[in-house]
Amino acid sequence: MFLYIFWSFFSVLILMALGLCYKIARADMRRRIIPDAYLVPVLIIGLIITTFFPWPTNIESGVVGMTFGYLLSTIIGLIFDKILTKRNPRAESPIGMGDIKLISVGGLWCGPTGLAIALVLACIFGATWAYRKKQRFIPFAPFFIIGGILSLITIAFLI
């Protein structure tokens, strides 16, 4: 009976996280914003899952991935921001704080190795989408979420 409750709770948490990820991707595609109202619950669910449930990453590697993701995306965002504002002072920053926080939360879920895989996949998918659609703006959240899911599958079954 306890195992049934345990796995039912796990399933509900995963389904909630997937639903919130869908809302994050949809909001980024439509409004170019990633609301904290969706990110914070995904963060909390990730903390619960990596702490109490069997997951490809544990809480220690999740926190390392989270810190690494936040620092890496912030540094890259600042570098691109400096380059663009030198050319055009009114240019918009290419990476927003929502993307930085999403990468950080992805680091919690996937760990450092999974985060690297997710970022590479997201960049490939996003660049392909932008090339085909001939767009300058790339909504990063949908591609990062897909990359994160594929990264977790890779970590769970292949590594």
Side-chain angles (χ1 to χ4, degrees), residues 13-47 49-50 55-58 61-159:
L13 287 175
I14 293 294
L15 289 174
M16 285 172 50
L18 286 172
L20 289 166
C21 285
Y22 172 76
K23 288 186 176 193
I24 288 169
R26 198 169 116 206
D28 195 26
M29 288 289 281
R30 288 185 175 180
R31 297 178 299 179
R32 296 179 57 183
I33 191 167
I34 300 173
D36 287 342
Y38 301 144
L39 270 176
V40 173
V42 173
L43 171 69
I44 293 169
I45 292 169
L47 285 170
I49 286 179
T50 56
W55 193 249
T57 60
N58 55 14
S61 67
V63 170
V64 169
M66 187 174 178
T67 306
F68 177 71
Y70 186 80
L71 291 175
L72 178 71
S73 57
T74 302
I75 290 169
I76 290 172
L78 288 173
I79 290 170
F80 279 125
D81 193 37
K82 291 291 182 189
I83 291 171
L84 286 179
T85 53
K86 278 187 177 179
R87 293 182 183 171
N88 182 5
R90 293 180 286 165
E92 209 175 300
S93 179
I95 185 168
M97 280 304 295
D99 293 324
I100 291 171
K101 290 183 273 189
L102 179 65
I103 292 169
S104 179
V105 170
L108 172 70
W109 279 82
C110 300
T113 305
L115 179 65
I117 295 168
L119 284 172
V120 168
L121 290 175
C123 289
I124 290 170
F125 295 153
T128 304
W129 182 83
Y131 178 75
R132 289 189 181 247
K133 294 281 188 173
K134 308 265 189 269
Q135 297 232 345
R136 286 178 39 127
F137 164 70
I138 301 171
F140 192 67
F143 304 114
F144 182 72
I145 291 169
I146 292 169
I149 292 170
L150 292 175
S151 168
L152 283 171
I153 292 170
T154 301
I155 290 171
F157 294 111
L158 299 178
I159 295 180

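Remember, predicted model here, so these are calculated numbers, not experimental data.
Residues I24 and A141 share a closest heavy-atom pair of CG2-CB, 4.0 Å. Nearest approach of L115 to G69, heavy atoms of both residues: CD2-CA, 3.4 Å. Contact between V42 and A17 at its shortest, heavy atoms only, is CG2-O, 4.4 Å. A pairwise comparison of heavy atoms in L20 and P41 identifies CD1-CB, 3.5 Å as the closest pair. Looking at every heavy atom in both residues, F144 comes nearest to L102 through CE2-O, 3.5 Å. Residue P35 comes nearest to A27 through the heavy atom pair CD-CB, 3.8 Å, listed as atom of the first residue, atom of the second, then distance.
Judged as a ring pair (Phe, Tyr, Trp, His ring centres under 6.0 Å), the pairs with a partner in residues 107-128 (not counting sequence neighbours) are, in order, W55-W109.
With hydrogens and angles ignored, the 3.5 Å screen pairs a side-chain donor or acceptor of N58 with a backbone N or O of S61. Listed for the D28 side chain is a donor-acceptor partner under 3.5 Å among the backbone atoms of F140.
Around atom CZ of F137, more than 12 heavy atoms belonging to other residues, nucleotides or ligands sit under 6.0 Å away.
Rounded to the nearest 0.5 Å, atoms CG (D36) and CE (M97) are 9.0 Å apart. To the nearest 0.5 Å, atom CD1 of residue I44 and atom CG of residue L39 are 11.0 Å apart. Annotation: the span from L152 atom CG to T57 atom OG1 amounts to 7.0 Å, rounded to 0.5 Å. Separation of atoms CD1 (I155) and SG (C110) is listed at 6.0 Å; rounding is to 0.5 Å. Atom CH2 of residue W129 and atom CZ of residue R132 lie 13.0 Å apart, to the nearest 0.5 angstrom. Annotation: the span from L43 atom CG to M66 atom CE amounts to 4.5 Å, rounded to 0.5 Å.
Using a 4.5 Å heavy-atom threshold, the side chains of V63 and T50 count as separate.
Taking the ring centre of F80 as origin, the terminal cationic atom of K82 falls outside the region bounded by 6.0 Å and 45° from the ring axis.
When I95, I34, L71 are each tested for a side chain to side chain contact (heavy atoms under 4.5 Å, CB included) with I100, only one passes: I95.
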